[in-house]
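First up is the structure itself, then whatever we jot down about it.
Heavy-atom basis, side chains included; hydrogens, waters and symmetry copies ignored.
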Amino acid sequence: MRERSTDQRYSNARGGKREDLGGIYFRSRWEANYARYLNFRIEHQSQPLIDRWEFEPEMFEFTKIRKGTRFYTPDFKVYFADGHIEYHEVKGWDYPKGRTARKRFAKYYPDLQLELIDSDFFKTVQRQGIQSLIAEWE
């Protein structure tokens, strides 16, 4: 039996559809809040400029892998005004399979950029008071 952590971020995941985000199903509050943050950035044009984002639009396969983690789907695909694209992975609770998938993504898709959005990001948002400017923040 796995022990329950005292860190409540994962247990407060609260998956579900978010009507303010077009009815998209998010697995956690952090994913939903990150989508709201991206929308806020688009609306307020902070640098670098973001054109749009998509939630889990692509699955990447690691074709040379025969055992273990063979597929990976980043949470967000973010399109920037200058034409570059980044993939963003929101992680509250990290686990070995997820770390392996990100390492393999970096190895098999070296030309693609993956950014990890973790507790440090959300602490910064809170410290700067940005969440109070974003409607429906959970």
Side-chain angles (χ1 to χ4, degrees):
M1 179 179 240
R2 188 165 57 177
E3 279 187 42
R4 191 168 201 181
S5 169
T6 57
D7 185 350
Q8 294 298 311
R9 288 185 304 235
Y10 186 68
S11 64
N12 286 331
R14 206 183 129 227
K17 291 183 180 182
R18 303 309 201 277
E19 295 309 317
D20 66 306
L21 295 168
I24 297 172
Y25 180 91
F26 291 95
R27 287 179 192 77
S28 71
R29 292 177 185 184
W30 278 14
E31 287 178 353
N33 284 339
Y34 190 67
R36 292 178 182 110
Y37 171 80
L38 292 173
N39 286 343
F40 179 80
R41 290 264 321 264
I42 291 167
E43 291 167 14
H44 293 85
Q45 298 298 309
S46 10
Q47 296 291 332
L49 300 178
I50 296 174
D51 268 344
R52 63 189 170 94
W53 58 269
E54 296 174 350
F55 185 69
E56 296 185 344
E58 295 178 55
M59 180 184 295
F60 295 90
E61 182 177 6
F62 312 124
T63 56
K64 295 181 182 179
I65 300 298
R66 296 291 170 232
K67 290 184 178 181
T69 304
R70 295 190 55 228
F71 297 91
Y72 174 58
T73 304
D75 293 324
F76 292 88
K77 184 174 184 179
V78 182
Y79 298 83
F80 289 85
D82 66 4
H84 86 278
I85 295 171
E86 293 177 2
Y87 293 89
H88 294 187
E89 179 69 27
V90 177
K91 279 290 167 221
W93 181 69
D94 211 358
Y95 53 96
K97 186 177 178 182
R99 287 189 293 273
T100 299
R102 290 193 310 276
K103 286 179 187 175
R104 289 181 178 170
F105 180 84
K107 179 180 178 180
Y108 288 94
Y109 300 93
D111 295 337
L112 300 179
Q113 185 174 349
L114 179 66
E115 296 292 328
L116 185 64
I117 309 302
D118 59 8
S119 63
D120 290 339
F121 169 83
F122 287 97
K123 286 175 187 174
T124 300
V125 166
Q126 189 171 19
R127 190 171 45 253
Q128 294 175 348
I130 296 170
Q131 82 282 1
S132 64
L133 303 173
I134 300 173
E136 305 291 332
W137 190 270
E138 299 173 46

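Ion pairing between Glu136 and Arg36 fails under the 4.0 Å rule for side-chain N and carboxylate O. Of the charged side-chain nitrogens involved, at least one lies within less than 4.0 Å of a carboxylate oxygen, so that Arg52 and Glu54 count as a salt-bridged pair.
Asn39 meets the side chain to side chain donor-acceptor pair (under 3.5 Å) test with Trp53; sequence neighbours excluded.
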Could you check Lys77 against Glu58 for salt bridge (Lys or Arg N to Asp or Glu O under 4.0 Å), going step by step and ending with a plain yes or no? CA-CA 8 Å; Lys77 184 174 184 179; Glu58 295 178 55; 2.4 Å; yes

Could you go through Phe105 and Thr69, starting from their C-alpha distance and side-chain angles, then the distance that decides it, and tell me whether this counts as side-chain contact (heavy atoms from CB on, under 4.5 Å)? CA-CA 10 Å; Phe105 180 84; Thr69 304; over 6 Å; no

Determine whether Arg14 and Glu138 satisfy the following criterion, salt bridge (Lys or Arg N to Asp or Glu O under 4.0 Å), listing intermediate values before the conclusion. CA-CA 10 Å; Arg14 206 183 129 227; Glu138 299 173 46; 2.5 Å; yes

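Trp137 has its side chain out of reach of Ser132: every pair of non-hydrogen atoms, C-beta onward, lies at least 4.5 Å apart. Inter-residue side-chain proximity for Arg127 and Thr124 is flagged as met; some heavy-atom pair is nearer than 4.5 Å. Counting only heavy atoms from C-beta outward, the side chains of Tyr72 and Arg104 never approach each other to under 4.5 Å. Between Arg102 and Asp94, the closest side-chain pair of non-hydrogen atoms falls below 4.5 Å. The shortest side-chain heavy-atom distance between Arg27 and Glu56 falls under the 4.5 Å cut-off.
For an aromatic pair to be called close, the ring centres must be under 6.0 Å apart, and Tyr87 with Phe60 satisfies this.
Ring geometry, Phe76 versus Phe26: the interplanar angle falls under 30°, so the pair is classed parallel (tilted spans 30 to 60°).
Using a 4.5 Å cut-off between side-chain heavy atoms of Ile, Leu, Val, Met, Phe, Trp and Tyr, with links allowed through other members, Tyr79 and Leu114 fall into the same hydrophobic cluster. By the rule that hydrophobic residues join a cluster once side-chain heavy atoms approach within less than 4.5 Å of another member, Phe55 and Ile85 end up as members of separate clusters.
No side-chain donor-acceptor contact under 3.5 Å links Arg41 to the backbone of Ile50.
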